[in-house]
Amino acid sequence: GAVVSQHPSWVICKSGTSVKIECRSLDFQATTMFWYRQFPKQSLMLMATSNEGSKATYEQGVEKDKFLINHASLTLSTLTVTSAHPEDSSFYICSAYPQETQYFGPGTRLLVL
Amino acid sequence: GQQLNQSPQSMFIQEGEDVSMNCTSSSIFNTWLWYKQDPGEGPVLLIALYKAGELTSNGRLTAQFGITRKDSFLNISASIPSDVGIYFCAGQNTGTASKLTFGTGTRLQVTL
């Protein structure tokens with residue numbers, strides 16, 4: 001199957017700082033990527049759709065000024081959590097489409113102290 | 001956002017037993033997908049279903065796309081310890097790069 005990577009795999013930061021998470025499609029080009037958030041023992045919840053060369057589309061209730069998404073190339077999307085707070089601590093997962101099916105990255109665990 | 005209902009929520013089974021879990025939705029989907037997630041990792045695609053009534057197998061896994069397009073089930077035969085994990089269903093509608101709606105998950109634990 002297609003390979004999607006994320007970096008970093010985990011990050012700890014202080015409250016008020018910003019954190020950038022990268023999502024890369026390693027063996028295919030992706031005009032669209034998705035960002036999900038998963039809290040412990042819960043399912044994946046879609047945060048936003050990242051579109052190469054245009055603005056991201058955010059799901060209802062997700063603050064676009066807090067979760068900045070940049071999809072500058074066909075193989076890279078970044079999610080920046082700005083002014084992170086403890087309630088932003090979660091598992092962030094991206095996905096991308098090589099053809100008809102979404103493939104997921106390994107996830108990034110964020111802990112905000 | 002919307003979530004699909006999965007049952008059971010969790011299950012403990014013995015190695016060698018068969019497992020069955022299902023997923024229901026209040027709305028129709030054109031594609032049903034089943035993923036497995038291991039702790040601390042992203043979901044991995046197990047089976048994709050594209051046609052109502054379709055029955056598809058992948059090794060010991062078998063999944064069916066309900067004829068109403070509002071449900072799907074996944075069976076695992078002769079379970080082994082590495083089947084442990086969380087199984088998620090996901091519904092999707094037409095078009096590539098379409099959003100997925102995930103189920104609530106079924107946590108499977110296998111005892112020796």
Side-chain angles (χ1 to χ4, degrees), chain A residues 1-7 9-10 21 23 25 28-52 54 56-62 71 74 77 90-111, chain B residues 1-11 21 23-25 29-51 54 56 58-59 63 65 84-109:
Chain A
V3 180
V4 177
S5 71
Q6 284 184 239
H7 178 81
S9 56
W10 60 270
I21 302 170
C23 177
S25 55
F28 63 97
Q29 293 182 330
T31 55
T32 302
M33 294 183 176
F34 297 92
W35 286 97
Y36 295 83
R37 180 167 52 183
Q38 185 179 32
F39 291 107
K41 297 187 178 181
Q42 294 188 23
S43 187
L44 284 76
M45 295 300 293
L46 179 65
M47 298 176 65
T49 303
S50 174
N51 304 298
E52 188 269 334
S54 64
T57 305
Y58 291 82
E59 295 300 298
Q60 190 174 8
V62 177
H71 194 151
L74 289 172
S77 174
S90 188
F91 193 49
Y92 292 86
I93 309 173
C94 70
S95 71
Y97 271 93
Q99 292 180 344
E100 293 183 342
T101 308
Q102 280 191 37
Y103 288 88
F104 287 82
T108 297
R109 186 162 301 282
L110 170 63
L111 176 61
Chain B
Q2 180 192 8
Q3 278 193 331
L4 309 179
N5 292 317
Q6 283 186 244
S7 65
Q9 185 175 19
S10 65
M11 54 197 319
M21 61 189 77
C23 182
T24 58
S25 170
F29 289 102
N30 293 324
T31 300
W32 283 90
L33 304 160
W34 284 92
Y35 289 88
K36 177 176 183 272
Q37 186 179 29
D38 291 328
E41 299 183 15
V44 174
L45 180 66
L46 300 174
I47 291 180
L49 302 158
Y50 300 106
K51 186 177 178 181
E54 178 182 356
T56 298
N58 178 10
F65 190 146
V84 167
I86 304 176
Y87 292 79
F88 289 103
C89 64
Q92 182 183 31
N93 282 318
T94 53
T96 57
S98 295
K99 297 187 289 186
L100 295 181
T101 300
F102 275 87
T104 49
T106 294
R107 184 181 298 270
L108 177 64
Q109 294 183 271

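To find a chain, count down the sequence lines: A is the first, B the second, and so on, and within it residues start at 1. Note that the coordinates shown come from a computational prediction; the quantities given were computed from them, not determined experimentally. Computed from heavy atoms alone, side chains included, the values below leave out hydrogens, waters and symmetry copies.
- If you check the side chains of Thr49(A) and Thr57(A), you find no donor sitting under 3.5 Å from an acceptor.
- Only the side chain of Glu59(A) comes within contact range of chain B, judged by heavy atoms closer than 4.5 Å.
- For the 3.5 Å distance criterion, the side chains of Gln92(B) and Ser98(B) fail to qualify, holding no donor opposite an acceptor.
- None of Thr24(B), Thr106(B), Ile86(B) except one satisfies the side-chain contact (heavy atoms from CB on, under 4.5 Å) rule with Gln6(B); the exception is Thr106(B).
- Classification of the Tyr35(B)-Phe104(A) ring pair by plane angle, with boundaries at 30° and 60°, yields perpendicular.
- Screening Tyr58(A), Tyr36(A), Tyr92(A) against Met47(A) for a side-chain contact (heavy atoms from CB on, under 4.5 Å) leaves a single residue, Tyr92(A).
- Looking at Gln37(B), the atoms closer than 4.5 Å to chain A (heavy atoms on both sides) all sit in the side chain, from C-beta outward.
- Contacts between Leu44(A) and chain B at a heavy-atom distance below 4.5 Å involve backbone atoms as well as side-chain atoms.
- A donor-acceptor contact shorter than 3.5 Å links the side chain of Gln6(A) to the backbone of Gly107(A).
- Looking at Phe88(B), the atoms closer than 4.5 Å to chain A (heavy atoms on both sides) all sit in the side chain, from C-beta outward.
- Side-chain contact of Trp35(A) with Ser50(A): a donor-acceptor pair under 3.5 Å is absent, judged by distance alone.
- Identified by a heavy-atom distance below 4.5 Å to chain A, the contributing residues of residues 43-51 of chain B are Pro43(B), Leu45(B), Tyr50(B), in residue-number order.
- At least one donor-acceptor pair under 3.5 Å links the side chain of Asn93(B) to the backbone N or O of Asn30(B).
- Looking at Gln38(A), the atoms closer than 4.5 Å to chain B (heavy atoms on both sides) all sit in the side chain, from C-beta outward.
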